Amino acid sequence: MNMPKHIAMIMDGNGRWAKAQGKKRTQGHKEGAKIVRDVTQWCANKHIPYLTLYAFSTENWKRPKIEVDFLMNLLEKYLHNEQPMYMKNHIRFRAIGDISIFSTTLKNAILELEHITQNHTNLTQILALNYGSHDEIARTFIKLANTLSPTHLAALSTSEVIDMINANLDTATLPDVDMLIRTGGEKRISNFLLWQASYAELFFTSTLWPNLRTQELDSMLEDFMQRKRRFGGL
Ligand code: FPP
């Protein structure tokens with residue numbers, strides 16, 4: 001079966017959803033968190049091994065402090081409150097991105113959920129937190145430059161360098177993205193998994209994230225399975 005191994009999602013449209021309901025933008029994020037749970041369970045039911053969700057980008061710090069603080073709080077609450085979902089469904093949790101600048105309590109919530117779910121063998125759900133592809137690639141570059149001598153680097157072939165980059169990105173042990181879905185109507189990738197989604201099939205929907213339902217995911221999955229992927233070959 002031509003099923004995707006790794007689905008990535010850009011969860012856009014929370015603010016517009018809230019505005020349309022006459023609510024504050026932050027209420028859109030709260031509603032959005034419920035959809036995170038639904039989408040995660042949908043992936044687990046479909047036996048999709050990896051799901052990566054863009055929860056907070058390196059650019060999201062530019063938002064008003066009140067919204068950033070709300071998102072940080074929401075995330076921390078989510079990581080505590082949803083523990084039973086990860087345990088019951090045997091879902092593994094992982095974070096990618098630079099979490100070093102988060103508050104100690106948020107960092108601990110992330111590390112704790114990663115720890116208690118590390119042996120789970122169903123879906124791995126990955127949250128991209130303070131994540132941006134440029135930042136990830138730059139951190140990988142610094143790591144490699146600090147560990148390899150200039151002579152060693154100069155002797156490497158480009159394919160060896162590609163393997164080394166793959167092995168040192170935040171996504172090191174994950175397969176490349178097969179299917180990239182963006183809700184909210186914009187048709188762009190916004191600095192998300194640029195390296196890993198090189199051959200991903202792209203899906204853009206105008207549905208706002210809080211309005212996303214599993215029926216729409218079912219049709220996208222059907223569409224994905226019809227697509228002929230050639231990875232640059234014939
Ligand atoms: C983009 O919508 C969404 C975000 C920047 C945050 C995504 C967060 C969630 C879906 C909820 C929290 C997540 C977890 C894992 C608990 P937007 O605010 O840019 O929407 P707009 O384009 O309509 O303004």
Side-chain angles (χ1 to χ4, degrees), residues 7-44 50-86 89 91-99 101-103 105-114 117 123-133 135 170 180-193 203-214 216-217:
I7 300 184
M9 297 192 192
I10 302 176
M11 312 184 283
D12 197 12
N14 293 345
R16 278 164 288 160
W17 179 89
K19 199 174 168 204
Q21 313 274 321
K23 294 180 176 161
K24 288 192 200 145
R25 289 181 54 78
T26 47
Q27 288 310 299
H29 296 314
K30 204 170 162 193
E31 192 66 21
K34 294 185 195 160
I35 308 302
V36 168
R37 187 199 306 138
D38 296 347
V39 163
T40 302
Q41 279 177 335
W42 176 84
C43 279
Y50 299 94
L51 167 69
T52 304
L53 299 169
Y54 207 4
F56 194 87
S57 78
T58 44
E59 286 71 39
N60 286 151
W61 297 106
K62 293 182 209 151
R63 295 186 176 213
K65 186 175 182 304
I66 194 156
E67 185 169 339
V68 170
D69 287 350
F70 185 92
L71 279 167
M72 295 296 139
N73 251 313
L74 181 65
L75 202 54
E76 203 176 313
K77 275 198 211 134
Y78 169 90
L79 296 170
H80 285 298
N81 296 345
E82 293 298 327
Q83 276 196 12
M85 189 219 19
Y86 292 88
N89 297 296
I91 294 171
R92 183 173 180 184
F93 169 76
R94 281 188 53 182
I96 56 168
D98 179 7
I99 64 162
I101 52 163
F102 287 153
S103 71
T105 52
L106 178 53
K107 254 187 306 206
N108 285 345
I110 293 167
L111 297 177
E112 187 193 336
L113 193 55
E114 281 187 333
T117 64
L123 169 73
T124 298
Q125 182 222 50
I126 302 113
L127 289 189
L129 301 170
N130 189 28
Y131 176 87
S133 276
D135 181 78
D170 295 348
L180 175 65
I181 299 173
R182 181 181 189 132
T183 60
E186 311 286 358
K187 292 190 177 69
R188 53 177 174 253
I189 303 182
S190 302
N191 203 15
F192 186 44
L193 300 173
F203 291 79
F204 297 102
T205 171
S206 57
T207 304
L208 305 174
W209 178 257
N211 287 331
L212 184 67
R213 297 294 175 269
T214 55
E216 187 169 3
L217 292 173

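If you're wondering where the values come from, they're calculated on a predicted model, not measured in any experiment. Remember, it's 1-based here, ligands and their atoms both numbered in the order they're listed.
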Evaluate the criterion salt bridge (Lys or Arg N to Asp or Glu O under 4.0 Å) for residue pair Glu216 and Arg213; output intermediate values, then yes/no. CA-CA 6 Å; Glu216 187 169 3; Arg213 297 294 175 269; over 6 Å; no
Nearest heavy atoms of Met11 and Tyr54, plus distance in Å: CE-O, 3.3 Å
Arg188 side, atom CZ; Asp12 side, atom CG - distance, nearest 0.5 Å: 7.5 Å
Mind checking side chain to side chain donor-acceptor pair (under 3.5 Å) for Lys65 and listing every partner two or more places apart, or none if nothing turns up? Asp69
How close do Ala8 and Leu193 get, heavy atom to heavy atom, and via which atoms? CB-CD1, 3.7 Å
Tabulating one pair per line, provide the atom names and distances (0.1 Å) for every N/O atom of ligand 1 that is less than 3.5 Å from a protein N/O atom.
residue, atom, partner, partner atom, Å
ligand 1, 2 (O), Asp12, OD1, 3.4
ligand 1, 2 (O), Gly13, N, 3.4
ligand 1, 18 (O), Arg25, NH2, 2.8
ligand 1, 18 (O), Arg63, NH1, 2.9
ligand 1, 19 (O), Asp12, OD1, 3.2
ligand 1, 19 (O), Arg63, NH2, 2.8
ligand 1, 20 (O), Gly13, N, 3.3
ligand 1, 20 (O), Asn14, N, 3.2
ligand 1, 20 (O), Gly15, N, 3.1
ligand 1, 22 (O), Asp12, OD1, 3.0
ligand 1, 22 (O), Arg16, NE, 3.4
ligand 1, 22 (O), Arg16, NH2, 3.1
ligand 1, 23 (O), Gly15, N, 3.3
ligand 1, 23 (O), Arg16, N, 2.7
ligand 1, 23 (O), Arg16, NE, 2.8
ligand 1, 24 (O), Arg25, NH1, 3.0
ligand 1, 24 (O), Arg25, NH2, 3.3

Work out which heavy atom in Ile35 is nearest to a heavy atom in Pro210; give both atom names and the distance. CD1-O, 3.4 Å
